[in-house]
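We use all heavy atoms of the structure for the numbers below, so side chains are in, but hydrogens, waters and symmetry mates are not. Nothing here was measured: the structure is a model prediction, and the numbers come from that model.
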Amino acid sequence: MPDNEYDAIVVGSGISGGWAAKELTEKGLKVLMLERGRDIVHVKDYVNANKDSWEYEHRGGRTQQMIHDYPALKRDYPLNEKNLDYWASDKDSPYTEIKRFDWFRGYHVGGRSLMWGRQSYRLSQLDFEANAKEGIAIDWPIRYNEIAPWYDYVEKFAGISGSIEGMPQLPDGQFLPAMEMNVVEKDVAQRMNAHYKKEFRRMIIGRTANLTQPHEGRTNCQFRNRCWLGCPFGAYFSTQSSTLPAAQKTGNLTLRPWSIVTKILYDKDKKKATGVEVLDAENNQTYIYNAKIIFLNASTLNSAWVLMNSATDVWPDGLGSSSGELGHNIMDHHLGVGASGIVEGFEDKYIYGRRPNGIYIPRYRNYFGDKRDYLRGFGYQGGASRSGWSRNIPELSLGADFKDALTEPGEWRMGIGGFGETLPYHENKITLDKTKKDKWGLNVLAFDVEYKENEKKMRVDMANDAVEMLTIAGVKDVKANIGDGTLGRGIHEMGSARMGKDPKTSVLNNFNQVWDAPNVFVTDGAFMTSAGCQNPSLGYMAFTARAADHAVKELKKMNL
């Protein structure tokens with residue numbers, strides 16, 4: 001086989017790209033994985049994983065120069081000294097904001113699988129039915145029972161810890177033993193769950209892709225809570241710790257970093273893709289790679305960007321644009337609303353270890369007879385903690401009393417923050433800005449995305465419910481937190497190439513194939529037809545494994 005010929009090409013190496021590479025190589029295909037950024041080698045390149053704050057020049061914080069150089073990244077927690085090089089450069093890779101959108105990206109092998117929050121939840125039958133029942137956008141082309149076996153499949157390999165709850169809106173899965181709530185969370189949960197026991201409203205421990213026991217050759221979590229620096233123990237799911245080693249073990253994978261896929265090559269006579277064009281990010285040379293099937297996993301918005309740049313001689317707006325939906329229906333979860341307060345009576349208790357997980361309250365609004373003046377709903381994440389020696393005590397700013405006070409832990413606090421579903425509005429879209437270029441001379445994306453009245457109404461409940469629940473649970477001095485909820489900040493970009501039943505109203509079919517080129521599969525967040533309020537990454541894994549299985553079967557039948 002020539003050096004530029006493969007059975008399959010996988011574009012992107014994040015959560016979904018890693019799964020595509022694993023599944024396709026294990027099924028015997030010769031696979032080329034293309035990543036636009038640098039390689040990060042498991043363990044060896046986690047250079048800050050064992051550093052303490054005092055070992056950083058600026059104690060792990062941010063500098064004025066960093067704030068100047070990263071105008072978008074500075075808007076939230078990603079801008080820091082500890083893993084700045086894990087985040088894409090605002091200078092090298094700018095974007096245009098017709099409306100504000102906080103876009104935080106990871107351009108390296110592993111992508112954001114190295115930095116994700118690891119919360120892992122299934123969509124439910126209720127989520128897959130919602131669009132059709134409410135007349136919103138288009139119907140999902142599949143239902144929960146079709147994807148449930150694939151949720152099982154990926155959970156068993158990835159290693160998801162969690163508790164069995166029997167809640168219809170949050171299906172249980174194939175779990176490793178759950179992490180434990182701390183003493184204050186247990187007390188708050190007991191009080192809250194007792195009060196709302198008739199409403200399917202419940203506080204549970206988070207379901208997280210952190211191992212609670214050795215699994216698949218990986219070591220269990222050490223409760224260091226340094227996951228986003230890379231884990232030398234392989235204790236959380238990432239491309240580097242899990243899917244990439246599995247793919248490499250087959251001997252069927254070729255990994256090429258520094259490879260920006262600029263377009264998918266399309267044969268209009270055969271009506272399928274033949275390969276991809278790659279711009280080498282280091283030497284600016286262009287290369288062509290050919291394959292029978294292509295998995296596009298560049299992340300939601302970059303996958304749309306690749307499609308928009310492809311087959312423009314056939315469709316002016318790009319490959320997959322025949323429906324008029326490519327680049328539309330952008331979603332994210334809207335955040336920044338919740339509540340927190342003080343918990344008394346546990347002054348003799350403290351936290352053991354640094355658990356990289358929190359509590360979860362699944363959605364309960366507009367379910368089970370509840371009817372609000374908006375559609376869909378929200379869940380909460382959060383937890384209880386006790387302030388330590390680093391807290392600020394305004395009344396004691398100098399001297400011996402200040403030092404003595406800091407030898408004792410401070411007050412316990414409990415907080416929860418909402419994750420709200422954003423509806424798939426057609427007018428929420430991205431387009432190519434042909435007036436602005438990135439470092440490599442490529443057109444950048446322009447964002448015209450916002451949440452609307454439905455979400456604004458939902459945010460009122462997100463705040464009020466949070467205050468009510470904590471107050472009922474005995475938390476004192478409870479105050480609502482109300483942020484601006486800018487989209488993008490959830491880092492759960494979805495939509496732009498949605499699945500559907502009809503090529504006139506969707507970009508992809510029920511197996512994630514591009515209607516206009518059936519040998520192209522898109523299995524990152526771009527395929528999402530609606531968002532749910534659950535963290536979506538587990539779904540990307542399941543849909544990717546399902547699509548890869550279908551692709552290989554179709555390839556063997558000579559249908560691709």
Side-chain angles (χ1 to χ4, degrees), residues 37-38 40 45-95 100-108 110-119 210 222-232 236 238 335-336 338 340 350-351 353-358 381-398 402-403 405-413 415 417 481-486 488-491:
R38 69 185 177 103
I40 295 179
D45 289 338
Y46 302 154
V47 295
N48 291 335
N50 294 314
K51 281 187 180 180
D52 287 303
S53 295
W54 56 84
E55 297 180 73
Y56 297 92
E57 183 178 0
H58 305 287
R59 300 301 183 264
R62 55 177 63 180
T63 66
Q64 290 302 310
Q65 188 63 49
M66 289 162 61
I67 292 170
H68 176 269
D69 292 342
Y70 291 85
L73 203 62
K74 73 179 182 183
R75 298 171 184 171
D76 209 346
Y77 74 89
L79 185 61
N80 71 94
E81 189 180 19
K82 293 182 179 181
N83 71 345
L84 181 59
D85 60 344
Y86 279 15
W87 299 96
S89 164
D90 290 348
K91 180 181 179 182
D92 293 345
S93 302
Y95 62 99
R100 178 174 166 177
F101 190 93
D102 294 354
W103 193 19
F104 305 145
R105 299 153 285 168
Y107 291 165
H108 52 257
R112 288 178 301 192
S113 78
L114 287 176
M115 302 101 81
W116 68 308
R118 304 167 309 285
Q119 293 293 289
N210 290 80
Q222 304 297 299
F223 280 57
R224 300 170 354 124
N225 197 25
R226 296 180 176 184
C227 310
W228 68 334
L229 303 177
C231 181
Y236 72 85
S238 68
L335 317 178
S340 61
Y350 198 64
I351 303 163
R354 294 186 290 274
R355 185 192 68 204
N357 187 20
Q381 297 177 33
S385 61
R386 192 171 186 184
S387 56
W389 61 269
S390 61
R391 70 192 187 279
N392 181 37
I393 304 175
E395 295 81 7
L396 299 171
S397 57
L398 292 170
F402 175 65
K403 294 179 180 179
L406 291 185
T407 64
E408 297 294 331
E411 63 193 11
W412 278 95
R413 296 192 66 84
N481 310 311
I482 303 176
D484 59 28
T486 301
R489 198 172 297 166
I491 322 185

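Under the 3.5 Å distance criterion, the side-chain polar atoms of Arg386 are matched with a main-chain donor or acceptor of Gly410. No donor-acceptor pair under 3.5 Å is formed between the side chain of Tyr236 and the backbone N or O of Arg118. Between the side chain of Arg489 and the backbone N or O of Asp102 there is no donor-acceptor pair closer than 3.5 Å. Of the possible donor and acceptor atoms, one in the side chain of Asn83 sits under 3.5 Å from a partner among the backbone N and O of Trp228.
Minimum interatomic distance between Arg105 and Ser93 (heavy atoms only, all atoms of both residues): NH2-O, 2.8 Å. The shortest heavy-atom contact between Asp90 and Pro71 is OD2-N, 3.2 Å. Across every non-hydrogen atom of Asn210 and Pro356, the tightest pair is ND2-CG, 3.6 Å. Nearest heavy atom pair, residue Leu73 against residue Pro78, reads CD1-CB, 3.5 Å. Residues Cys231 and Tyr46 share a closest heavy-atom pair of O-CE1, 3.5 Å. Here the shortest heavy-atom pairing between Asp76 and Arg62 reads O-NH2, 2.8 Å.
Note that the CE atom of Met66 and the CG atom of Asn80 stand 6.0 Å from one another [nearest 0.5 Å]. In this structure, Gln381 CD and Asn357 CG are separated by 9.0 Å, a value rounded to the nearest 0.5 Å.
Residue Glu55 qualifies as enclosed at atom CD: its count of foreign heavy atoms under 6.0 Å is above 12.
Residues forming a side-chain hydrogen bond (donor to acceptor under 3.5 Å, both in side chains) with Gln65 (at least two apart in sequence, or on another chain): Asp69. By the side-chain contact (heavy atoms from CB on, under 4.5 Å) test, Ile491 is found to be paired with Tyr77, Trp87, Phe104, Arg112, Glu493, residues two or more places apart in sequence or in another chain being considered. Judged as a ring pair (Phe, Tyr, Trp, His ring centres under 6.0 Å), and not counting sequence neighbours, the contacts of Trp103 are Tyr95, Phe447.
Between Leu84 and Tyr70 the shortest side-chain heavy-atom distance falls below 4.5 Å. By the 4.5 Å heavy-atom criterion applied to side chains, Arg100 and Asp484 are counted as neighbours. Contact check for Leu229 versus Lys51: no side-chain heavy atoms found under the 4.5 Å cut-off. Side-chain atoms of Arg75 and Thr486, non-hydrogen and from C-beta on, never get closer than 4.5 Å to each other.
In this structure, a donor-acceptor pair under 3.5 Å is absent between the side chains of Arg226 and Asn48.
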Exercise for review: Could you give me the CA-CA distance, side-chain angles and deciding distance for Asp85 and Arg38, then say whether salt bridge (Lys or Arg N to Asp or Glu O under 4.0 Å) is met?
Suggested key: CA-CA 10 Å; Asp85 60 344; Arg38 69 185 177 103; 3.0 Å; yes

